[in-house]
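Working notes, structure below.
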Protein chains: 2
Amino acid sequence: MRNSLSDVVAAALRVLDAQGLEGCSMRRVAAQLDVQPSALYHHVPDKQTLLALMADDIVRGVGESAREPREFCVELRDAMLAVRDGADVVATAAAFRLGASQIEDRLAELAGPDGARTLLLYTFGHAQSTQTHVQAAALGALLAPARPAISAAAPSTAAPDPAADLDASFGRGLDIILAGLAAFAPTRRD
Amino acid sequence: MRNSLSDVVAAALRVLDAQGLEGCSMRRVAAQLDVQPSALYHHVPDKQTLLALMADDIVRGVGESAREPREFCVELRDAMLAVRDGADVVATAAAFRLGASQIEDRLAELAGPDGARTLLLYTFGHAQSTQTHVQAAALGALLAPARPAISAAAPSTAAPDPAADLDASFGRGLDIILAGLAAFAPTRRD
DNA sequence: ACCTGAACACCGTTCAAGT
DNA sequence: ACCTGAACACCGTTCAAGT
């Protein structure tokens, strides 16, 4: 026995993290395993399926111990942000089975079906745009590597950590949706 | 003068609508214009830019007369759903300039910056998953073309129009977010 | 069961050259 | 300004054949 399905998925996730979604080709995954591209098709019917398995792996265990929707969404976001282009992979795979995914079912127990869908779409979308921006910033830093020594007059307010900004922005959107959910189904106080 | 930039964008949108995003290659757009693939690079630096221009075209004019966020989002969704894979194209292009897009600015006037971002991410995500499902359903209908004559016993409740379901689902999510926005910044009654 | 080798039908992009 | 022709470095997938 040379390679198993989970070897393939693990290799694909390594390639994804190293090269991004665009560079995550079947041929590169095969190379990562020191195997011909055609060998992958023994384990997986096509690339789309492989991407779905990678998405499952990325979100594995998310929200298993979460007791409220907010905690759940933050965990999900962290899991997606932990691997390069993870949000894209998860969101695309999830779109194919919205209404049938495990995470959606789990979140629905905390927030109801409509709440779960709304929170998930928001969380996916925000994570995707976060990763797009982080990526663009990294590229910009590469193209202009020197630190901006000139306009360093304004000391502390001038350098807003973009990651922290995005975290805060995510939290505020979450607050809005959760407030809306509370308005629709006010906390039971039996 | 043979072809202008807008000819290229228009041709690309025709190819998109006919073949979907996956089939919308530079080579096919060129063929649509009866031109060599390399000719496109006289009008556009790369495919990504062409996709951004297509996205601009798809959302052109959306929400210009909208007086409330709900109307705005419904209009935006309709515009994206009007062309095959339109939501994907718009969402991907928008992710690259979240915080700097025209639609976001316009919606921010109605719902504030956080509200606009939350509503947009939700609207993009829901439209994307809607189109994914419509597409999958169309494919399923192709693979099983005969009408289900056997289990036609239950007359009216059994056949829930999936498009109507998705419309309703979108509306409920919108209601949740708008209720949350109202809770955060209650309607001014001067 | 797992893999090789070779092939098929594609991609996006570049570049010199034409008009 | 707009386009051709040819090339480069890739893709995903299939399939017979090997072990």
Close side-chain approach of B:Asp17 and B:Leu13, heavy atoms under 4.5 Å | no
Once base and sugar-phosphate atoms are separated, protein heavy atoms under 4.0 Å mark nucleotides 14-19 of chain C, 5' to 3', with B, S and - as BB----
Check whether any side-chain nitrogen or oxygen of B:His43 sits under 4.0 Å from OP1 or OP2 of D:dA1, and answer yes or no.
-> no
Got a sec, which residues hit side-chain contact (heavy atoms from CB on, under 4.5 Å) with B:Pro37, two or more places apart in sequence or on another chain?
-> B:Arg27, B:Ala30
Go through the steps for A:Arg60 and A:Asp57 under the test salt bridge (Lys or Arg N to Asp or Glu O under 4.0 Å), then give the verdict.
-> CA-CA 5 Å; A:Arg60 172 150 300 139; A:Asp57 208 281; 3.5 Å; yes
Is the CD atom of A:Glu68 crowded by more than 12 outside heavy atoms at less than 6.0 Å?
-> yes
Could you check which of D:dT13, C:dC11, C:dG5 has an atom nearest any side-chain atom of B:Arg28?
-> C:dC11
Report the residues that fulfil ring-ring contact (aromatic ring centres under 6.0 Å, His included) with A:Phe72, sequence neighbours left out, ordered by chain and then residue number.
-> none
DNA chain D contacts made by residues 47-58 of chain B, counting heavy atoms under 4.0 Å | none
For C:dA9 and D:dC10, measure between their C1' atoms and round to the nearest Å.
-> 13 Å
Those residues at least two apart in sequence (or on a different chain) that pass side chain to side chain donor-acceptor pair (under 3.5 Å) with A:Asp167 are A:Arg77
B:Leu178 side chain reached by B:Leu119 side chain, heavy atoms, under 4.5 Å | yes
Identify, with sequence neighbours excluded, every residue that meets salt bridge (charged side-chain N to carboxylate O under 4.0 Å, His left out) alongside B:Asp114.
-> A:Arg172
Of all residues at least two apart in sequence or in a different chain, which pass the salt bridge (charged side-chain N to carboxylate O under 4.0 Å, His left out) check with B:Arg106?
-> B:Glu64
Dot-bracket assigned to DNA chain D with the 3.5 Å Watson-Crick/G-U criterion, [ ] for crossing and | for other-strand pairs, is ||.|||||...|||||.||
Measure the distance from CG on A:Leu5 to P on C:dC2 and round it to the nearest whole Å.
-> 10 Å
What residues form a salt bridge (charged side-chain N to carboxylate O under 4.0 Å, His left out) with B:Arg70, not counting sequence neighbours?
-> B:Asp175
For B:Arg28, check salt bridge (charged side-chain N to carboxylate O under 4.0 Å, His left out) against everything at least two apart and list the hits.
-> none
Proximity to DNA chain D (any heavy atom under 4.0 Å), residues of residues 12-27 of chain A only = A:Ser25, A:Met26, A:Arg27
For residues 43-55 of chain A, the salt bridge (Lys or Arg N to Asp or Glu O under 4.0 Å) pairs (sequence neighbours left out) are none
Is B:Thr123 close to B:Met80 at the side-chain level, that is, under 4.5 Å between some pair of heavy atoms?
-> yes
Taking atom C1' of D:dT13 as reference, at what distance in whole Å does atom CD of A:Gln36 sit?
-> 14 Å
Candidates D:dA1, C:dA1, D:dT4 - which lies nearest the side chain of B:His42 | D:dA1
Once you round it to whole Å, what is the distance between P of C:dA1 and CG of A:Leu40?
-> 18 Å
